[in-house]
Amino acid sequence: MDDIVKKVKKANAVALKVGNSYIDISAIYELASDAEVSLITADSKEGIEIYRHSTSHIMAHAVKELFPSVKVTIGPATEEGFYYDFDSERPFTPEDLLSIEEKMQEIIKKNNPFIRKVVSKKEAIAFFSEQKEAYKVEIINEIKAEEVSLYEEGGFVDLCRGPHIPSTGYIQAFKLLSIAGAYWRGSEENKMLQRIYGTAFKAKDELKDYLKLLEEVKKRDHRRLGKELDLFSMNDEIGAGLILWHPNGALIRKTIEDFWRNEHLKAGYQLLYTPHIAKIDLWKKSGHLDFYSENMYSPMDIDGIDYELKPMNCPFHIFVYKNAIRSYRELPVRYAELGTVYRYERSGVLHGLLRVRGFTQDDAHIFCREDQIDNEVFNVLEFTLFILQTFGFEKYEIFLSTRPEKYVGTPEGWELSTNALKRALELKGLPYEIDPGEGVFYGPKIDIKVKDSLSRKWQCSTIQVDFNNPERFGIMYRGKDDKEHMPIMIHRALMGSLERFFGILIEHYAGAFPLWLAPVQVSVITVAERHMEYALKIAGFLRTNNIRVETDLGGDKVSYKIRQSTVKKVPYSVIIGDKETENNTITARKRSGENMGFDSMESFLEYLNIEVTKKSTKEQV
RNA sequence: GCCACCGUAGCUCAGCAGGUAGAGCAGCUGAUUUGUAAUCAGCUGGUCGGGGGUUCGAAUCCCUUCGGUGGCUCCA
């Protein structure tokens, strides 16, 4: 035991792990001498959580000291920090955060030990009633066990399962980040509380790095870059959550769309265009009015009949399928569409391009026979990864969602298709997690989250089996046996929505798009007026060879023009001076600042074309 | 939708103990013709998000509306 105590000190451990549970370090002497104990330090996921959770207690302590009338509620650790929710008559201000931080420093300096006390529920309720902490009483009343644990530190007692760090002095670096409203227990029915977010690290450097990362995230914010690079905008006279694609953004979108369409044709899809509205009866039949009406807009009256803006494309694709009698021979039928849909999102959740009210899905529906489902899912998976990789997303997290409580179709059908999804993932050798019961009511699904250059995760792709629509619309094919069969319908989107994907791309590349996507690929810059003729010749040559060129021939200094081009994140600047004009050569400057020489404009074009064709996400060396 | 904060020139922001708007960048004009991240000078530009109110007087205070930002399933 003494051995462990020594180790604890040396490792600066925050807690201990015994079997599957975590305990306070001070509990070490209560353990049997042969107990298997491992040390938890702030380097581990569990350790840092304990560390941050303890920081949230210290924050609650500080708040109670500064504002005694505030009632405490809960304060867990989160993925990147912690928060604590308070019921306060007066909302907190940014200035309050500073004084709370100061108070926390004091508490940390005192190095108060965290002391655990186990009491009966009755005792605990009596204690918190006395303290007028109604939320704590409510929580205790819902705890099933007979006893609950309390933690005290410097006179501040909080209900807590623990464990905690041994004493407040363990906290080396923390920062309070923001104030927000949050409903008690996350329900809109309940009172709105004041939440304070913060984070803590075991070393000052780590906190500094984290704050730097937050700065970097801010710099990459697609809303900011969207303005700076003139990619898109929104306008309150048009409406919230509705996007205007500016020429630069539209050009990138066109490039993405061209790529998408070409690859879909190669992969055996057929392209569709369908209307933006349809009669309300269609949406009754599809079940959207029952299951999705919260996200749909009010109907519009056309000649006395109600029409709805479409929130999804599926019903239209189904009618294309149904427009003829299908034979088992023509399956699988794969319909793809860049389909623009409109969905009601609550005003508070709208966010730049990432959460909007009108967007274009890269949608497709595959109608296939049961014996084709494995192959189809596998191909979709492979196709998805190919598309995502082209945009520079190499890391994923994959989730398989299974049957929820409320579902349509038969358990056998669910089993069959869930297994098909599983087999495809395994055949492709992709690690995945199962999200039990998280499938949509109409079928199981695979969700793919991509990790961007800052390791942030974004949900883009989804592959879903749909039992609902084939049944509701009675879609059939004529089998080999000359009988009617219901095909299996697979619904999938790879980028999800073009708006959202564009937002993710902007942040992923920090606005510096790879050559094939960049709205302006080459900027031709002259040193002096006498170089204009040669510059125009080069620009014209590149332009007629499908390179997107811009010229800067004015009387500004070269350094100014280069700055202009760099700020716009143009991949290549071509600088034309006496040297180039005399020898008919090209000097190109990369965004990174590196210079390259080419002995002719043809060789420069060839160089560019290689990069464009490869859709390289990295600049060539 | 809810809570908090914010909304001043195309952009970034200053002005806010109420006295009727200002800077930098951008734009325009002129000068400069320059070799790798900002040449100089002048000029233009705002019914201070919209509407209403308090006041002799409102960008500044109040109400309302529209938009934006951070959050609102990480459960002692």
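Taking atom CD of A/E594 as the reference point, atom C1' of B/A37 lies 16 Å away to the nearest angstrom. Whole-Å rounding puts the A/I525 CD1 to B/G35 P distance at 14 Å. For A/D230 and B/G27, the CG to C1' distance is 14 Å, given to the nearest whole Å. Rounded to whole angstrom, the span from the CD atom of A/E345 across to the P atom of B/G1 amounts to 13 Å. In this entry the distance linking CZ of A/R563 with C1' of B/A26 reads 12 Å, nearest Å. Counting to the nearest Å, the P atom of B/G71 and the CZ atom of A/F86 are 18 Å from each other. Residue A/N295 contributes atom CG, which lies 15 Å from atom P of B/G1 at whole-angstrom precision. Going from atom OH of A/Y84 over to atom C1' of B/C75 covers 12 Å, rounded to whole Å.
Put simply, the side chain of A/L16 does not reach to within 4.5 Å of the side chain of A/Y22, judged on heavy atoms. Contact check for A/I100 versus A/M59: side-chain heavy atoms found under the 4.5 Å cut-off. Side-chain contact between A/I575 and A/R589 is present, with heavy atoms from C-beta onward closer than 4.5 Å.
The 12-atom threshold is exceeded at CD of A/E142, counting heavy atoms of other residues, nucleotides or ligands nearer than 6.0 Å.
The two residues A/M296 and A/P311 come nearest to each other via the heavy atoms CG-CG, 3.7 Å. Nearest heavy atom pair, residue A/E345 against residue A/R357, reads O-NH2, 2.8 Å.
Residue-level contact check: A/P91 touches the backbone only, with heavy atoms under 4.0 Å from sugar-phosphate atoms and none from bases. When heavy atoms are screened at a 4.0 angstrom cut-off, A/I74 is found touching the sugar-phosphate backbone but no base atom. A/Y83 comes within 4.0 angstrom of the backbone, heavy atoms only, and of no base. Within 4.0 Å of A/V527, counting heavy atoms only, lies at least one base atom of the nucleic acid. Using a 4.0 Å heavy-atom distance criterion, A/T587 is classed as a base contact. Looking at heavy-atom distances under 4.0 Å, A/E138 makes no contact with the nucleic acid at all. When heavy atoms are screened at a 4.0 angstrom cut-off, A/K136 is found touching the sugar-phosphate backbone but no base atom.
The partner of B/C75 cannot be assigned: no Watson-Crick or G-U wobble pair with both contacts below 3.5 Å exists in any strand. Across the strands present, B/G30 finds its partner in B/C40; the criterion is a Watson-Crick or G-U wobble pair with both atom distances under 3.5 angstrom. Nucleotide B/U54 has no partner under the Watson-Crick or G-U criteria, as no pair reaches both atom distances under 3.5 Å. Base pairing annotation: B/A9 forms no Watson-Crick or G-U wobble pair, as no partner gives both donor-acceptor distances under 3.5 Å. Pair assignment for B/U20: none, as no Watson-Crick or G-U wobble contacts are both less than 3.5 Å.
Atom name C1', nucleotides B/U64 and B/C56: the rounded distance is 25 Å, in whole Å. Comparing the C1' positions of B/G15 and B/G46 gives a spacing of 14 Å, expressed to the nearest Å. As rounded to the nearest Å, B/A26 and B/A58 have P atoms that lie 36 Å from one another. Taking atom C1' on both B/G57 and B/G19, the two are 7 Å apart, rounded to the nearest angstrom. Nucleotides B/G35 and B/G27 have their C1' atoms positioned 27 Å apart, rounded to a whole Å. Nucleotides B/C48 and B/C11, compared at atom P, are 16 Å apart to the nearest Å. B/A9 sits 11 Å from B/C13 when the C1' atoms are compared, rounded to a whole Å. Rounded to whole Å, the C1' atom of B/A37 lies 43 Å from the corresponding atom of B/C72.
Regarding contacts with the backbone of B/C3, every side-chain N or O of A/Y183 stays at 4.0 angstrom or more from both OP1 and OP2. For B/C72, the OP1/OP2 oxygens have no side-chain nitrogen or oxygen of A/R346 closer than 4.0 Å. OP1 or OP2 of B/U12 lies within a sub-4.0 Å distance of a side-chain N or O belonging to A/K227.
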Check your understanding: Stepwise, does the ring-ring contact (aromatic ring centres under 6.0 Å, His included) test hold for A/Y407 with A/F441?
Key -> CA-CA 4 Å; A/Y407 66 95; A/F441 72 92; over 10 Å; no
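For A/V567, the side-chain atoms get nearest to B/A37 when compared with the rest of B/A37, B/G35, B/G1. The nucleotide whose nearest atom lies closest to any side-chain atom of A/N595 is, among B/U33, B/A37, B/U36, B/U36. Side chain of A/R185, nearest nucleotide from B/C74, B/C75, B/A37: B/C75.
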Show me the protein contacts with nucleotides 39-45 of chain B, counting only N or O atoms at under 3.5 Å.
{"unit_1": "B/U39", "atom_1": "O4", "unit_2": "A/D556", "atom_2": "OD1", "d": "3.3"}

Do any N or O atoms of the protein come closer than 3.5 Å to N or O atoms of nucleotides 63-70 of chain B, and which pairs are they?
{"unit_1": "B/U69", "atom_1": "OP1", "unit_2": "A/R223", "atom_2": "NH1", "d": "2.8"}
{"unit_1": "B/U69", "atom_1": "O3'", "unit_2": "A/R223", "atom_2": "NH1", "d": "3.4"}
{"unit_1": "B/G70", "atom_1": "OP1", "unit_2": "A/R223", "atom_2": "NH1", "d": "3.4"}
{"unit_1": "B/G70", "atom_1": "OP1", "unit_2": "A/R223", "atom_2": "NH2", "d": "3.1"}
{"unit_1": "B/G70", "atom_1": "OP2", "unit_2": "A/H351", "atom_2": "ND1", "d": "3.2"}
{"unit_1": "B/G70", "atom_1": "N2", "unit_2": "A/G181", "atom_2": "N", "d": "3.4"}

Run the side-chain donor-acceptor check on residues 241-250 of chain A: report pairs under 3.5 Å with partners two or more places apart or on a different chain.
{"unit_1": "A/H246", "atom_1": "ND1", "unit_2": "A/D230", "atom_2": "OD1", "d": "2.7"}
{"unit_1": "A/H246", "atom_1": "NE2", "unit_2": "A/S233", "atom_2": "OG", "d": "2.7"}
{"unit_1": "A/N248", "atom_1": "ND2", "unit_2": "A/L229", "atom_2": "O", "d": "3.1"}

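Outside the 6.0 Å centre-distance limit, the rings of A/F201 and A/F174 are not counted as a close aromatic pair. Ring pair A/F86/A/F92: centre-to-centre distance below 6.0 Å.
Evaluated for a side-chain contact (heavy atoms from CB on, under 4.5 Å) with A/T55, the options A/I165, A/I171, A/L176 yield exactly one hit, A/I171. Of the residues listed (A/R220, A/R456, A/R500), the one engaging A/E507 in a salt bridge (charged side-chain N to carboxylate O under 4.0 Å, His left out) is A/R456, and it is the only one. Across A/E529, A/R530, A/H531, a single residue satisfies side-chain contact (heavy atoms from CB on, under 4.5 Å) together with A/V527, and that is A/H531.
Taking the nucleotide of RNA chain B with the nearest heavy atom to each of A/P94 and A/S187, the more 5' of the two is matched to A/P94. Where A/G554 and A/M192 each meet RNA chain B at their nearest nucleotide, the meeting point lying more 5' is that of A/M192.
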